[in-house]
Amino acid sequence: MAILLDKDTKVLSQGMTGWAGTHHTAAMMEYGSTVVGGVRPGKGGRSHLNLPIFDGVAAAMSETGANASIVFVPPATAAAAMIEAIEAEMPLVVAVTERVPVLDMVRVKDALKGSRTRLVGANSQGVLAPGVCKLGVMATGSERPGHVGIVSRSASLTSEVVAQVSAAGLGQSTTVGVGGDAIHGFSMRDCVELFLGDDDTHGLVLIGEIGGYEEQEVADYLAETKAQKPVVALVVGAHAPRERRMGHAGALTFGAAGDAAAKVAALERAGVRIAPSAHLVGRTIAEALGRTH
Amino acid sequence: MRLHEFQAKRLLVEYGLPIPRGVVALTPDEAEAIARDLGAQRIAVKAQIHAGERLQAGGVRIVHGPSMARAAAADLIGQRLVTAQTDEGGETVRRVYVEEGVTAERSLHLALLIDPASGGLVAVGSAGGGEGVEERARRGELKQEKVALSVSGPADRTEVAAFLQKIGLDGPSNEAGVDLVEGLRRAFVELDASLIEINPLAVLPSGELKALDVKMQVDDNALFRHPDLASLRDEDDANRIKLSAHRDQLNFVQLDGDIGLVSNGAGLGLATLDMVKAAGGRPANFMDVRTTARSLDIAHGFILLLDNPSIKTLLINVHGGGMQSCDTIAEGLGIALRRSGRKVPIVVRLAGQNAELGRYRLKSFGCSVIEAPDMGAAAERAVAVAAGRA
């Protein structure tokens with residue numbers, strides 16, 4: 001099976017009545033995901049896409065049995081929508097919204113402390129279990145059911161790597177976008193932990209980039225658990241312009257941790273194979289799994 | 001968004017930040033008048049640019065008296081100042097900040113920022129602040145202390161006091177420091193800052209604290225809550241390119257090479273940059289087309305590149321996704337080529353959502369492009385074209 005999603009995933013769409021919510025909720029349904037309703041404060045009792053609309057998450061959960069939600073709410077109120085889902089103890093929340101203020105994400109992280117909710121994002125393309133469920137906004141067509149778990153900070157590179165993995169004759173158990181912002185919920189390390197415990201995932205691909213510590217956290221975790229599954233990583237941004245790098249005081253405080261070279265070195269020490277270039281990730285995981293074509 | 005020193009000081013004084021007396025000047029005349037009013041023995045004349053390490057670059061002048069202040073201002077205003085933190089072209093000085101000189105007994109470093117590891121607000125500090133702090137940090141010689149701060153209520157005074165003790169603030173200075181940190185914490189939260197950095201934080205012989213320089217950044221994503229802060233943005237020179245890029249839903253950074261890059265998504269954009277560098281090429285820019293960009297926004301981005309005379313070729317690497325598909329970007333290119341008179345070889349790699357439709361759109365716009373089967377081949381081809389080998 002996949003991680004995070006299964007055949008019994010029942011999706012609630014927060015902000016479903018807006019343009020993005022409508023478009024992507026319809027696309028999820030078309031993919032075969034079970035969407036059970038939407039949330040839009042003030043529009044409870046109506047219906048949209050032939051689904052019931054509720055004023056709040058808690059009411060929607062008790063009425064529909066939803067066990068996952070996806071947030072399309074605009075930046076100004078996205079944090080409130082995420083916190084509402086966390087307070088309603090929604091087991092899985094994917095936040096797609098881009099450009100959420102960073103202090104709002106700090107408040108969301110505070111709400112997550114001690115909670116059982118898994119929040120993926122914000123600024124995430126979502127989670128896809130090929131052939132099982134799509135909880136996200138990613139394009140589909142290149143993916144195929146299989147045994148490679150993909151975790152990424154970048155939506156565009158995930159699409160690229162999914163296509164490469166499929167072209168190499170492999171498929172994906174699940175792809176997870178943890179989100180492109182510095183502060184987000186579910187981490188790469190959390191995701192790797194689930195993949196390592198998932199019998200259906202035989203190998204992992206990690207798509208990292210400059211900034212933050214997450215790749216090092218994964219490296220520490222892999223070294224500590226002596227993981228037996230092959231792990232391949234791509235870290236982009238070695239030649240990034242300075243504006244893309246971590247801000248000044250960040251660099252002072254957190255040293256060179258954000259550099260691509262530091263991340264690659266940490267991952268290599270933990271036994272991870274580094275893809276030599278962004279276009280060779282599919283080939284590298286195929287080799288690592290002993291499957292060359 | 002970065003604020004200038006004078007803007008940050010003006011904002012933070014309202015939150016109790018102790019600063020030396022000073023006023024911003026646009027002309028040498030104004031600088032002279034301000035220096036006379038200040039009446040101080042020593043006067044600092046400081047270039048207002050969005051970059052640090054100004055002292056080493058000659059952007060901060062310590063002078064004696066109004067006429068020297070005038071001369072320093074005349075020298076700085078209108079000059080391009082290059083520091084270790086600007087790009088090679090530097091930044092034009094439009095204003096100077098004229099401030100009374102202060103004799104510090106010790107210089108500390110203090111900053112508030114979001115810690116990516118914990119996902120929370122922290123204050124970090126060091127006893128070794130002042131000039132050269134960046135260099136010491138690079139060499140790993142800067143010993144820093146850290147304390148977590150709440151975003152929903154006042155800081156724990158005992159914890160902050162212990163943190164300040166560790167960076168060498170005791171007695172009455174410690175108490176003043178706790179108030180200072182709490183004021184900055186409030187400012188950070190209320191103004192949606194992403195960084196407030198004070199370096200140096202001077203400890204005077206009397207034990208009094210003075211913030212000599214302040215660096216402050218405001219979270220761009222929160223500017224919708226602060227129209228007053230958004231209006232502090234500079235509308236001049238190098239920023240113009242970045243601004244128009246921002247308006248057009250593109251994330252754009254100018255570089256000094258000859259290959260113009262366009263990708264969708266920051267990750268794929270960074271990967272493209274890395275591949276071009278690995279193939280021996282020199283990127284002219286970093287550009288990431290955001291998911292919300294329409295074809296006209298994208299056309300503006302392409303025109304920005306075509307207007308750059310250094311560019312010898314364009315490399316378009318797109319993997320269409322659920323939010324931004326290939327045909328929209330192809331349309332943007334088609335519109336740009338019709339509007340711009342410029343003809344350069346264009347290497348294109350389209351994959352993913354609507355790749356076929358994208359190729360069809362290019363053809364119907366009459367765009368002549370070099371197609372590459374995958375992004376590795378595309379990068380190599382573009383580098384060869386720029387080098388005149390293909």
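A, B, ... follow the sequence lines: proteins, then strands. Residue 1 opens every chain.
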message: Taking atom CZ as the centre, does A:Arg118 end up with more than 12 heavy-atom neighbours from other residues, nucleotides or ligands that are less than 6.0 angstrom away?
response: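 At most 12 heavy atoms, drawn from other residues, nucleotides or ligands, come within 6.0 Å of this atom.
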query: If you draw a 6.0 Å radius around CZ in B:Arg381, do more than 12 non-hydrogen atoms from other residues or ligands fall strictly inside?
result: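 No, not enclosed.
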[X] versus [Y], closest heavy-atom pair with distance:
X	Y	answer
B:Gln353	A:Ala139	OE1-CB, 3.6 Å
A:His239	B:Asp274	N-OD1, 3.0 Å
B:Ser118	A:Lys109	O-CE, 4.2 Å
B:Gly322	A:His24	O-CE1, 3.5 Å
B:Pro116	A:Gly212	CB-CA, 4.5 Å
A:Ser277	B:Met275	OG-CG, 3.6 Å

For chain B, find which of [options] contributes the most heavy-atom pairs closer than 4.5 angstrom.
options	value
A:Ile183, A:Val106, A:Leu103	A:Leu103
A:Pro75, A:Ala76, A:Ala155	A:Ala76
A:Gln125, A:Glu160, A:Glu214	A:Glu160
A:Glu217, A:His23, A:Glu98	A:Glu98

Pair A:Arg107-B:Val189, side chain to side chain contact (heavy atoms under 4.5 Å, CB included): steps then yes or no: CA-CA 11 Å; A:Arg107 294 177 181 106; B:Val189 173; 3.5 Å; yes
field: Residue part contacting chain B, namely of A:Ala163, when any heavy atom lies under 4.5 Å
entry: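 When you check distances to chain B, only side chain atoms of A:Ala163 fall under 4.5 Å.
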task: Would you mind checking which part of A:Val162 comes under 4.5 Å of any heavy atom in chain B, side chain (CB onward), backbone (N, CA, C, O), both or neither?
output: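 No part of it gets close to chain B.
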message: Nearest 0.5 Å, please: how far is CD1 in A:Ile207 from CG in B:Leu268?
response: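 Going from the CG atom of B:Leu268 to the CD1 atom of A:Ile207 covers 10.5 Å.
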query: How far does CE of B:Met375 sit from CG of A:Leu157, to the nearest 0.5 angstrom?
result: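 Answer rounded to 0.5 Å: 6.0 Å.
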- prompt: With only heavy atoms counted, which part of B:Val318 is less than 4.5 Å from chain A, the side chain, the backbone, both or neither?
  reply: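 Neither part, no heavy atoms under 4.5 Å.
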field: Part of B:Ala193 within contact of chain A (heavy atom distance under 4.5 Å)
entry: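 Backbone only.
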field: Main-chain N/O of B:Gly321 paired to A:Ser159 side chain as donor or acceptor, under 3.5 Å
entry: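 The answer is no, because no donor-acceptor pair under 3.5 Å joins these two groups.
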query: Would you call A:Val100 and B:Asn221 a side-chain contact if the rule is heavy atoms closer than 4.5 Å?
result: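 A side-chain contact is absent here, since even the closest heavy-atom pair is not under 4.5 Å.
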Heavy-atom side-chain proximity of B:Ile114 to A:Met105 below 4.5 angstrom: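 A side-chain contact is absent here, since even the closest heavy-atom pair is not under 4.5 Å.
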- prompt: Ion pair present between A:Arg99 and B:Asp219, side-chain N to carboxylate O less than 4.0 angstrom?
  reply: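 No salt bridge links A:Arg99 with B:Asp219.
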